[in-house]
Asker: 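This is the structure, below, for whatever I ask next.
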Amino acid sequence: MANKCILVIDDEVGIHTVAQIGLTLETDWKVLTALSGAEGVEIALKQQPDAILLDAMMPQQGGIETLKILRASPRTRDIPIIFFTAKVQAAHRREFYRLGAKGIISKPFDPTTLASQISGFLGWQE
């Protein structure tokens, strides 16, 4: 699979660690991390990742608010977003897709299948 850059925006350092281990064991992708929505927007503007894994529930600036900010900027509006969430109700999932999410990964997630899930959601072929 071609080199990709993935930005993980989540307020839990453990999620960063697990995602980074899973992605770097299975691929040669570069993984960037941010602990808040605001930090994630800043990194996305500078680094232009190929995709963003975005936590739905974060203090101060949640995932939906972060998504709206990313979509408002010409520099980040086309970066695919995949939500990380513990909210598994159908209504929440419909809302995420309505807002433009390319996929939803439930927490807790399996780090050994994370790269293939991302590739599947985004149509990235090996």
Side-chain angles (χ1 to χ4, degrees):
M1 202 172 303
N3 270 355
K4 299 287 185 185
C5 179
I6 308 296
L7 171 58
V8 177
I9 304 173
D10 197 296
D11 61 317
E12 296 178 47
V13 174
I15 295 293
H16 293 185
T17 303
V18 173
Q20 194 157 24
I21 290 169
L23 292 175
T24 56
L25 282 176
E26 297 293 318
T27 70
D28 55 359
W29 297 351
K30 179 179 179 182
V31 180
L32 306 172
T33 59
L35 285 167
S36 69
E39 181 185 10
V41 168
E42 185 178 317
I43 291 170
L45 285 165
K46 289 179 185 171
Q47 299 289 325
Q48 299 290 293
D50 296 296
I52 296 173
L53 300 180
L54 178 59
D55 183 15
M57 301 288 292
M58 293 182 288
Q60 289 135 20
Q61 182 177 304
I64 290 174
E65 184 180 349
T66 301
L67 173 68
K68 289 177 180 177
I69 293 167
L70 290 165
R71 291 295 179 250
S73 170
R75 291 184 48 92
T76 56
R77 77 168 43 121
D78 295 325
I79 299 172
I81 308 275
I82 298 170
F83 273 100
F84 271 143
T85 184
K87 291 185 172 190
V88 293
Q89 293 85 1
H92 291 122
R93 290 179 175 273
R94 281 193 300 274
E95 178 69 3
F96 296 144
Y97 282 118
R98 187 187 68 73
L99 292 169
K102 297 293 182 186
I104 300 166
I105 297 174
S106 297
K107 286 181 180 181
F109 61 93
D110 180 353
T112 64
T113 62
L114 187 57
S116 62
Q117 283 183 291
I118 293 167
S119 295
F121 286 134
L122 302 179
W124 293 349
Q125 303 303 317
E126 292 190 33

Asker: Using the six-membered ring wherever Trp is involved, compare the ring planes of Phe109 and Phe84 and label them parallel, tilted or perpendicular (cut-offs 30° and 60°).
Answerer: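 Ring orientation, 0 to 90° scale: parallel.
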Asker: Do any N or O atoms from the side chain of Glu39 and from the backbone of Leu35 form a donor-acceptor pair under 3.5 angstrom?
Answerer: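 Yes; judged by distance alone, with no hydrogens or angles, the pair exists.
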Asker: Determine whether Val8 and Ile52 satisfy the following criterion, side-chain contact (heavy atoms from CB on, under 4.5 Å), listing intermediate values before the conclusion.
Answerer: CA-CA 6 Å; Val8 177; Ile52 296 173; over 6 Å; no
Asker: Whether the side chain of Glu42 engages the backbone of Ala38 through a donor-acceptor N/O pair (distance < 3.5 Å, no angle test) should be reported.
Answerer: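 No.
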Asker: Is there a donor-acceptor contact under 3.5 Å linking the side chains of Arg93 and Ser106?
Answerer: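 Arg93 vs Ser106: donor-acceptor pair found between side chains.
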Asker: So, Ser73 side chain and Ile69 main chain: donor-acceptor pair closer than 3.5 Å or not?
Answerer: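 No, Ser73 side chain to Ile69 backbone: no donor-acceptor pair under 3.5 Å.
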Asker: Counting C-beta onward and ignoring hydrogens, is there a side-chain heavy-atom pair between Thr76 and Gln48 closer than 4.5 Å?
Answerer: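 Yes, side chains in contact.
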Asker: Taking atom NZ of Lys30 and atom CG of Asn3, what is their separation to the nearest 0.5 Å?
Answerer: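 Between atom NZ of Lys30 and atom CG of Asn3 there are 10.0 Å.
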Asker: Do Val31 and His16 make a side-chain contact, defined as non-hydrogen atoms from C-beta onward lying under 4.5 Å apart?
Answerer: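 When only atoms from C-beta onward are counted, His16 and Val31 do not touch, as no gap falls below 4.5 Å.
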Asker: Would Lys107 and Asp10 pass as an ion pair if we require N to O under 4.0 Å?
Answerer: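 Counted as a salt bridge, because a side-chain N and a carboxylate O are separated by less than 4.0 Å.
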Asker: Would you say that Thr85 contacts Ile104 through its side chain, given a criterion of any heavy-atom pair below 4.5 Å between the two side chains?
Answerer: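 Heavy-atom side-chain distance check passes, below 4.5 Å.
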Asker: Would Glu65 and Lys68 pass as an ion pair if we require N to O under 4.0 Å?
Answerer: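 Lys68 and Glu65: not salt-bridged.
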Asker: Quick one, Asp50 and Trp29 - any side-chain contact, counting heavy atoms below 4.5 Å?
Answerer: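 Sidechains of Trp29 and Asp50: no contact.
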Asker: Report yes if some heavy atom in the side chain of Pro49 is under 4.5 Å from a heavy atom in the side chain of Ile79; otherwise report no.
Answerer: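 Of all side-chain heavy-atom pairs linking Ile79 with Pro49, at least one is under 4.5 Å.
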Asker: If you define the side chain from C-beta out and look only at heavy atoms, does anything of Ile81 sit under 4.5 Å from Arg71?
Answerer: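 Yes, their side chains come closer than 4.5 Å.
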Asker: Between Asp55 and Phe83, is any pair of side-chain heavy atoms under 4.5 Å apart?
Answerer: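 Contact flag for Asp55/Phe83 side chains = no.
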Asker: Any side-chain heavy atom of Asp11 sitting closer than 4.5 Å to one from Met57?
Answerer: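 Not in contact.
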